[in-house]
Amino acid sequence: MIVGIGSIGILGLILILIVALIIFGPNKLPEIGKAAGTTLKEFKTSAQDLTGDVSKEVNEAKQVFKEDDNK
């Protein structure tokens, strides 16, 4: 069963943070957070690049079809 983040709730998030604090300790949590933030930023940038590439290809295909219709 896949559970979305929205269904976790505040108490679930607090429990996850407490468990992470116990497992990793207070010194490692900022490093883990920074690494997670960097990963998410890179993923977002890659997704935007991919979306831009797809949009560019679609626009080029539309231009080709418009040119074929005008002939």
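Pairs of residues two or more places apart, or lying in two chains, never qualify as salt bridge (charged side-chain N to carboxylate O under 4.0 Å, His left out) while including a residue from residues 43-63. Sorted by first and then second residue, the salt bridge (charged side-chain N to carboxylate O under 4.0 Å, His left out) pairs with a member in residues 12-27 form an empty list; sequence neighbours excluded.
Residue-environment remark: CG (Leu50) exceeds the threshold of 12 foreign heavy atoms within 6.0 Å.
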Atom pairs and distances, donor-acceptor, side-chain atoms in residues 17-35, under 3.5 Å, two or more places apart:
none

